[in-house]
Amino acid sequence: MARNERLTCKELIEPHLATMGWSWQEQLRIGPGRVNLTGETMYDETQSIIADYLLRFNGVPLAILEAKSESESAADGMQQASRYARRLSLRFSIASNGNDWILTDNDTGEFESLSSPPSPEELIARMGASVDWSLWESAFAAGYHFDQVSRKGVRPYQDVAINKALWQFAQGNNRVLLLMATGTGKTFTIFQLVWKLLNGKALNREHVLFLTDRNSLKDQAYRAFSAYSASERVQIDKSTVAQGQHLVGKVFFANYQSLDEELEGKKVYEHYDPDFFDLVVVDECHRSGFGDWFGVLEHFSDALQLGLTATPRELEEGERALTDEEKRRDTQHYFGNPVFTYSLRQAIEDGYLVPYLLEERVTNVDESGYTGPDGKHYTTANFERDIRMPDRTRAIAEDLWEALGKYELRDEKTIVFCVDDTHAAFMAQELRRLSGNNDYAARITRAERNSHQLERNFAVVGPSNPRVAVTVDLLTTGFDAPDVKNVVFVRPLRSAILYKQMKGRGTRLCEDVDKRYFTIFDYSGASQLEDTEFDGHPANRQKTQTASNKPKKKKGEDSTPKLVGEGISVVISTENRYVCLADGRKVPFEEYTEQSREFILDVSHKGMDELLRIWIDKGSRQELREALRDHDIYPSAFRHYLDLPDVDDVDILAKIGFQLPRVPNRADRANRLWDEDQLWLLNHLGEVALPENQRFKTHLWQTALDHYRLFGIDDLEQARTYSAPQFVDQFGNFTMLTRRYGGPAVLKADLELIKQHLYVPMAA
């Protein structure tokens, strides 16, 4: 008898792996899956991204292995293994049924069938790598720090980033660049890397320098390394050096500016020997590390140097030829290409950051420009720089207030980015006026004496004041307020890097306030800088629109004109919502729907029956979900857009694909089965002749269908569901339930039949 998947793993796959010298992690949870925009829970457990095995050698993650049962083809696991390997930036993936082994090189796409698993040494040789294990094995093998209070552990992508950096160092490459999106834990990742290096005795002098360009970032890093004692952490400045307290410690923190100051006739950093530091970490290295303080890096040029950035190179920078001096100071010329990239798009897909909605709202003054009393023509780029337009600011504030009210977001944390301090002051005042609360909005810029206190107040999660932070660029980096739900652009931008940093203020998860997404309100055209390849696209929310024969309003016709003066009025146009596709196109939601329809019809070209058949089978349902994700099609976004909170994903897909006027919700499907197929069910269960109070199986399926109404079909396929209180109270624990039912196999077979009666075409 052929082994099932579990026995195949234990009796065939794992013994072969052990023989070849592999160690491994089973059931690696790469991520919880994309956050649900709506619904009872933030995550759907069935969407968790779980790899069967992560294969390691000397602690280094090298490959993903996807297991199939002995009776299945190993080839059936190739696609999923490659997908998971690419998620973790691993070059190799393996699919196996215990007898056949298929190795795929995900860099080249080439694959080959093997009679046994490849050895770790073989994969390392294929990578063209050579490691002096006598020097580095202890660092790779060293464990991570685990905080017993926060219970915060290293995520799989952080683990790979750390090992990719170590791998480069171990091969003699002294400069390494990590590219990780804002909010994905760069500082925490570096803390864990340093922890491994120091505990693994890989650093000769055991001195690490963490470089930033802002006090807030330096302080944030200092706190992130709190596992080290105060005597082991040193903050470098002129007074520390002057007092001779700068040489004793393990991890040193400094700003470029402080190190560049003069002390006793030389730079502060020159008070350290060039070989004092084993490792120099350069935070936000795309920004100021290659400006006036490049001398710091040259002084410690023999140290390992690790650059951190959240932003890929801007397009115009990538296209322009650099001078020799620019090359010397250019991030990617200096550090090389990133050895590990974790994009905002992938972090959202994995479920570690929240998706976002985008609304473009444009005034007619921005659309057409404004000719001032001086005869000059001004555009958005000139407003609040070359000409003050307080009435435009008032109009935007009033429109924002209305929009926040429409979406019930007025009490949620909001950051508004303005042009300059004066513009920010006007905007904050308008929002205070509209709210009737002097504490509702605050300007948080360097011009405010108490800006640090205002920052701290705003960063407190929960119902703290101010609710709205109006700033220029003070909050772009090094600031963490995870419950921010709105990011507003009233400031034109030219830099995609700056746009990413500002947008990044809203990406963080915050389960304390049930934050499922954040919204960008763009009044300045800043979202033209959207980078859909790195960031993904907005999961836009729209309301169902009532059909009407009335002609569509032109842009600007649906709002009341707001007087600006000199005979000029401001009108906020109807919001423009787009979906930005991975190829860079920015299309209206209706067009996105049409593109989704084409894919759905292609998958189910034989009609609704075929789509339902795909959905009934657990395996093909999972494959469909993965294919939808690969094509950027998200039923949860359509659910939100169409206001269908209790409808199965398959019925949402059917509505989009087959343009159904109405779709059934889960309750409709359960009720139909019970009303129309009850006699079939009683006959099948053999309980038609039994009195009501003796119909054990019938009552069980009544309870199961009630559960389906709330949570969907995936839950009914999980054994743990039948240990929920509503089952245990009536039928006993899972063992008792299945024994009385006739065994787990009989229960499962009946579930498969019930799914066929549950998922039938319905008008509504």
Side-chain angles (χ1 to χ4, degrees), residues 39-41 44 46 607-618 620-621 635 639 642-655 658 660-734 736-764:
E40 293 291 322
T41 58
D44 181 349
T46 64
M608 269 282 295
D609 287 344
E610 183 176 20
L611 180 62
L612 292 171
R613 278 197 300 273
I614 292 171
W615 196 255
I616 287 168
D617 180 74
K618 182 180 179 181
S620 60
R621 187 189 321 138
R639 177 179 291 109
L642 299 170
D643 195 21
L644 298 170
D646 302 313
V647 172
D648 245 324
D649 283 0
V650 68
D651 287 310
I652 290 174
L653 295 175
K655 178 171 180 60
F658 301 100
L660 304 179
R662 296 182 63 197
V663 294
N665 58 32
R666 288 192 296 270
D668 293 329
R669 286 201 171 279
N671 292 340
R672 191 219 62 80
L673 189 153
W674 205 250
D675 293 341
E676 299 181 22
D677 292 346
Q678 184 177 7
L679 185 58
W680 163 81
L681 182 61
L682 289 171
N683 276 310
H684 173 73
L685 298 176
E687 294 186 339
V688 69
L690 294 179
E692 176 71 23
N693 60 1
Q694 293 181 25
R695 292 175 174 173
F696 169 79
K697 292 183 177 181
T698 305
H699 292 157
L700 172 64
W701 289 115
Q702 280 181 315
T703 304
L705 288 172
D706 285 342
H707 190 87
Y708 162 79
R709 284 179 170 92
L710 295 173
F711 303 108
I713 197 60
D714 299 291
D715 256 30
L716 296 191
E717 295 169 334
Q718 303 291 324
R720 57 174 172 71
T721 296
Y722 300 90
S723 297
Q726 67 267 34
F727 288 95
V728 174
D729 291 347
Q730 297 182 76
F731 314 111
N733 62 33
F734 184 68
M736 295 170 59
L737 182 156
T738 52
R739 185 186 303 122
R740 189 174 174 188
Y741 198 93
V746 177
L747 179 67
K748 183 179 179 182
D750 282 352
L751 172 59
E752 293 304 312
L753 284 173
I754 284 172
K755 286 194 295 184
Q756 292 178 25
H757 283 259
L758 187 64
Y759 290 110
V760 296
M762 289 178 63

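All of these numbers come straight from a predicted model, not from anything done at the bench. Side chains included, hydrogens not; waters and symmetry mates left out as well; all remaining heavy atoms used.
The backbone N or O of Leu716 lies less than 3.5 Å from a partner atom in the side chain of Tyr722, making a donor-acceptor pair. Side-chain atoms of Thr721 come within 3.5 Å of backbone atoms of Asp715 as a donor-acceptor pair (strictly under, hydrogens ignored). Although no hydrogens or angles enter the test, the distance criterion places no donor-acceptor pair under 3.5 Å between the side chain of Arg740 and the main chain of Lys697. Distance alone, capped at 3.5 Å, is enough to place a donor-acceptor pair between the Arg666 side chain and the Leu710 backbone.
What you find for Phe734 and Ser723 is that their closest heavy atoms are CB-OG, 3.7 Å. Listed here is the closest heavy atom pair of Val760 and Arg672: CG2-NE, 3.4 Å. Shortest non-hydrogen contact noted between Ala654 and Met608 is CB-SD, 3.3 Å. Shown here for Leu737 and Phe696, the closest heavy-atom pair between the two residues is O-CZ, 4.0 Å. The shortest non-hydrogen separation linking Arg709 to Ala667 is CG-CA, 3.9 Å.
In this structure, the side chains of Leu700 and Leu747 come closer than 4.5 Å at one or more pairs of heavy atoms. Within the 4.5 Å cutoff, the side chain of Arg621 has heavy atoms near those of the Asp714 side chain. Put simply, the side chain of His699 reaches to within 4.5 Å of the side chain of Glu692, judged on heavy atoms. Counting only heavy atoms from C-beta outward, the side chains of Trp701 and Leu751 approach each other to under 4.5 Å. Considering only heavy atoms from C-beta on, Val663 stays 4.5 Å or farther from Ile652 through its side chain. Between Lys655 and Asp651, every side-chain heavy-atom pair lies at or beyond the 4.5 Å cut-off. Using a 4.5 Å heavy-atom threshold, the side chains of Ile754 and Leu681 count as touching. With a 4.5 Å cut-off on side-chain heavy atoms, Val650 and Ile614 do not count as touching.
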Requested in this report: Output, in order, the C-alpha distance, side-chain angles, deciding distance and verdict of side-chain hydrogen bond (donor to acceptor under 3.5 Å, both in side chains) for Glu676 and His757.
Outcome: CA-CA 10 Å; Glu676 299 181 22; His757 283 259; over 6 Å; no
Report task. Begin from the C-alpha positions of Asp648 and Tyr708 and carry the test side-chain contact (heavy atoms from CB on, under 4.5 Å) through to its verdict. Result -> CA-CA 10 Å; Asp648 245 324; Tyr708 162 79; 2.7 Å; yes
Report task. Applying side-chain contact (heavy atoms from CB on, under 4.5 Å), run through Thr698 and Leu682 and close with a yes or a no. Result -> CA-CA 7 Å; Thr698 305; Leu682 289 171; 3.4 Å; yes
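Of the inter-residue distances, the one linking Leu612 atom CG with Gln756 atom CD reads 11.5 Å to the nearest 0.5 angstrom. If you take CE on Met762 and CG on Leu673, they are separated by 10.0 Å, rounding to the nearest 0.5 Å. Note that the NZ atom of Lys748 and the CG atom of Leu753 stand 13.0 Å from one another [nearest 0.5 Å].
Counted by atom type alone, Gln726 and His707 present one or more donor-acceptor pairs between their side chains at under 3.5 Å.
Between Glu752 and Lys755, at least one side-chain nitrogen of the basic residue sits less than 4.0 Å from a carboxylate oxygen of the acidic one, meeting the salt-bridge criterion.
The only member of Leu611, Ile713, Asp609 that meets side-chain contact (heavy atoms from CB on, under 4.5 Å) when paired with Tyr759 is Ile713.
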